[in-house]
Structures are given as structure tokens and as C-alpha cells.
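Below: the structure, in C-alpha cells.
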Number of protein chains: 2
Amino acid sequence: MFFLKELPTAEMLDRYAAQYQEMHPTHVADALTMMRQASLLLRELEGLFSKAGLSQTRFLVLMMLDREPDRPNLRISELSDRLDISKPVITTTVKSLSDDGYVSLQPNEFDGRAKDVLLEPPGKAVLKSLLPKYFMTINDFMSHHT
Amino acid sequence: MFFLKELPTAEMLDRYAAQYQEMHPTHVADALTMMRQASLLLRELEGLFSKAGLSQTRFLVLMMLDREPDRPNLRISELSDRLDISKPVITTTVKSLSDDGYVSLQPNEFDGRAKDVLLEPPGKAVLKSLLPKYFMTINDFMSHHT
DNA sequence: CCGATTTAGTTAGGATGCTAATCAAATAGT
DNA sequence: ACTATTTGATTAGCATCCTAACTAAATCGG
């Protein structure tokens with residue numbers, strides 16, 4: 001992550017801006033501030049997840065499975081694509097969620113290689129208990145940092 | 001990181017906003033977008049670093065050592081504090097930078113436990129070659145994403 | 001059809017981060 | 001001055017991510 005407390009100094013940015021006229025020091029400063037803010041929020045959210053026995057990725061998989069009522073299941077590769085996380089990571093994450101009874105796995109009806117991941121009631125329950133805190137944490141963070 | 005391509009739907013946010021009146025759906029949507037943007041930029045920068053044989057953390061250590069001309073050296077714990085990265089990680093990162101000749105380590109004059117980390121000419125050179133690309137990557141990213 | 005390519009998922013190996021525990025040196029309290 | 005606590009750095013163990021290589025199933029082209 002990008003947890004820099006001390007961002008590059010304004011002088012440092014100005015020095016580079018002088019050398020490259022297309023560079024806007026404010027653009028760069030904004031980007032660095034954005035990465036710092038995102039990191040801090042992510043860290044807070046991770047604390048929330050770990051208290052609930054989840055990780056960022058485990059949470060996101062559950063949320064993604066819950067978010068489209070018309071799609072009761074998603075395949076490994078669909079999860080990988082939508083979360084932008086590599087397939088090997090999704091494989092192990094789904095395995096761990098399955099061990100916990102939060103999701104179940106079924107062979108896909110039409111493609112013998114594919115596996116359908118389904119959100120199970122315990123997974124739905126843990127998600128439901130976490131979502132209010134999740135959204136409020138984000139909401140509060142944004143309220144205090146704008 | 002937080003690479004979600006598909007953020008929670010607006011409906012989903014509105015549903016929660018209805019339950020918690022202090023929650024502003026736009027706040028939350030902005031936060032999720034921010035985390036996604038930060039993740040994408042970070043991924044781009046990591047590509048840049050790895051081409052130069054560095055990692056995010058290795059780069060940040062070099063930058064931090066270079067950024068205060070009046071402080072030619074920093075201790076492990078100062079780097080840890082300023083970069084907001086745990087001390088064990090700084091220890092191993094500094095060790096690897098030292099193996100590459102980019103920094104050197106000296107016992108601190110006043111505190112027998114502490115170690116001073118100094119930026120060496122090869123480290124300064126690699127940093128100097130990378131900084132323009134670093135700032136321009138950030139600048140371009142911000143130009144295209146605002 | 002049938003070999004060649006692509007796609008889905010997994011396994012293997014490596015990088016990088018964390019916390020907890022440890023060791024040594026410095027500091028604080030009596 | 002001496003014990004107890006704190007602080008700086010390291011080690012050990014674990015979690016989580018990645019890419020590359022692999023297996024098996026599906027699809028494509030002749």
C-alpha cells in the first residue's frame with residue numbers, strides 16, 4: 001500500500017514541474033493525497049473485516065455474490081474479472097469461504113470446467129451484519145476527510 | 001488492494017441510505033471510486049518500479065532519504081514512521097537496498113541500538129532516473145482521470 | 001471428426017506485508 | 001546505583017497477493 005505520512009515536499013514537486021512543463025504540481029499532489037487517503041480508509045476497513053473473521057477479499061467475494069439478485073451464482077473467473085483479483089487468489093479465497101460454510105461450489109451445468117459459487121445463508125448473514133458498519137465507516141471517513 | 005471493477009450498485013447504496021439517514025450515498029460512492037482509482041494508479045507505478053528493479057517500498061525508502069537535504073540520513077524507525085510501514089519490513093527493505101549498494105548502514109553515534117541509513121550515489125542515480133517517469137505517470141493518470 | 005488452440009481452474013514458487021516475540025541498549029524511578 | 005520499563009532493531013511465523021506452469025474441458029479449422 002501507500003501509507004506515506006510525509007508526502008514529497010511542495011518544493012520537490014515544483015522543482016520537477018519546472019523541468020517538465022506538462023507536469024502540474026497540483027495534479028501530482030492530489031494524486032499522492034488520494035493514495036494516502038485510500039490507504040487509510042482501506043486500513044480501517046481491514047480492521048472491520050478482521051473482527052468479523054473476514055479479509056478484504058473474502059468480504060468482496062461475498063458482496064459480489066450478493067449484489068446481483070438475478071445472478072444467484074458466479075463462476076471463479078467471473079469473480080476474478082469483476083473484483084480484478086487473480087484467479088489463483090479467488091480459488092483459495094472461495095475454498096476458505098466454502099470451508100466456513102459461507103458459500104458452496106457446484107459444477108456448472110453447461111461447462112464441465114467451470115464451477116459455480118453460491119452464497120449460502122451463513123454467508124449472507126455475516127454479510128448482512130457487516131454491511132451497515134462497512135458503509136458507515138466509509139461514510140464517516142468521507143465526512144471527516146473532505 | 002481494492003481493484004473492484006464493479007462497485008456496489010447505486011440501488012444497493014440507496015437501500016442502505018434509506019436505513020441510515022446519516023449515510024450519504026454519494027460519499028460512499030466517491031470513496032469507492034477513490035479506492036479504485038488509487039489502486040489503478042498504484043498498479044501502474046508498481047510496473048514502473050519493477051522495470052527499474054525496485055518495488056514500491058524500495059522506491060519510497062530511497063525517496064524519503066533524498067527528500068530532506070538537511071537530513072543526510074534517517075534511522076530505521078524514522079523511515080518506518082514516515083512511510084507508515086512496519087519496522088520489520090523496513091529492516092528487510094533496507095537490507096536489500098544495502099546489498100545492491102543503494103544505501104549504506106552505520107551505527108548511530110549517540111544511540112547504540114539505532115542504525116543510520118544513508119543514500120549512496122548508486123541509489124541517488126537510480127532515483128534520479130526514475131523520478132521523472134514517476135511524476136509524469138502520476139501526472140498523466142490524473143490528467144486522464146479527472 | 002481430429003489435431004491445435006483457447007479457456008477454466010489449480011498448483012507451485014516467490015515477493016511482500018503484518019503481528020508477536022526476542023535481544024540489546026537506553027532511560028526512568030526509587 | 002539498580003531494577004523496571006521503554007525503545008530500536010531483528011527474527012519467526014503467518015497471511016495474502018502475484019506470475020508461470022500445468023491439467024482438463026471446450027471450441028475452432030480443416
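In the text below, chain A, chain B and the rest are named by the order of the sequence lines, each starting its count at 1.
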- Minimum heavy-atom distance between A/L130 and A/F49, given as atom pair plus value: CD2-CD2, 3.9 Å

- Message: Can you tell me if A/T93 touches the phosphate of D/dT16, counting only side-chain N or O atoms and a distance under 4.0 Å to OP1 or OP2?
- Response: no

- B/R58 bridged to B/D100 by N-O distance under 4.0 Å: yes

- Item | Residues B/D66 and B/K128 bridged, charged N to O under 4.0 Å | no

- Message: Quick check for you: among D/dG8, C/dG17, D/dC17, whose closest atom lies nearest to any side-chain atom of A/V89?
- Response: D/dC17

- Query: Out of curiosity, does A/L74 fall in the hydrophobic cluster containing A/L105 (side-chain heavy atoms, cut-off under 4.5 Å, transitive links)?
  - Reply: yes

- For A/S55, which contact category applies under a 4.0 Å heavy-atom criterion: base, sugar-phosphate, or nothing? sugar-phosphate

- Message: Using whole Å, what does the distance between atom C1' of nucleotide D/dA26 and atom CG of A/N108 come to?
- Response: 12 Å

- Quick one: which of B/L83, B/T57, B/I85 gives a side-chain contact (heavy atoms from CB on, under 4.5 Å) with B/T93? B/T57

- When only distance counts, do a donor and an acceptor, one from the side chain of A/R113 and one from the base of C/dA8, lie under 3.5 Å apart? no

- Task: Could you state the atom-to-atom distance from NZ of A/K115 to P of D/dA25 in whole Å?
- Result: 12 Å

- More 5' along DNA chain D: A/L54 or A/P88, using each one's nearest nucleotide? A/L54

- B/I85 CD1 to C/dC18 P, in whole Å, measures 6 Å

- May I have the distance from A/F49 (atom CZ) to D/dA15 (atom C1'), rounded to whole angstrom? 16 Å

- Message: At 4.0 Å (heavy atoms only), tell me whether B/T91 reaches a base, stays on the sugar-phosphate, or touches nothing.
- Response: base

- Report the distance from atom CG of B/L74 to atom P of D/dG8, rounded to the nearest whole Å. 14 Å

- Is the shortest side-chain N/O distance from A/K87 to OP1 or OP2 of C/dT11 below 4.0 Å? no

- Query: Rounded to whole angstroms, how far apart are CZ on A/F59 and P on D/dT16?
  - Reply: 16 Å

- Message: So B/S86, base contact, sugar-phosphate only, or nothing? Heavy-atom distance under 4.0 Å.
- Response: base

- In whole angstrom, give the distance that lies between atom CG of A/D84 and atom C1' of D/dT19. 15 Å

- Task: Using a heavy-atom cut-off of under 4.0 Å over every strand shown, decide if A/D111 touches base, sugar-phosphate, or nothing.
- Result: sugar-phosphate

- Looking only at D/dC17, C/dG9, C/dT19, the nucleotide nearest the A/S77 side chain is C/dG9

- Atom CG of B/L97 to atom C1' of C/dT16: distance rounded to whole Å? 14 Å

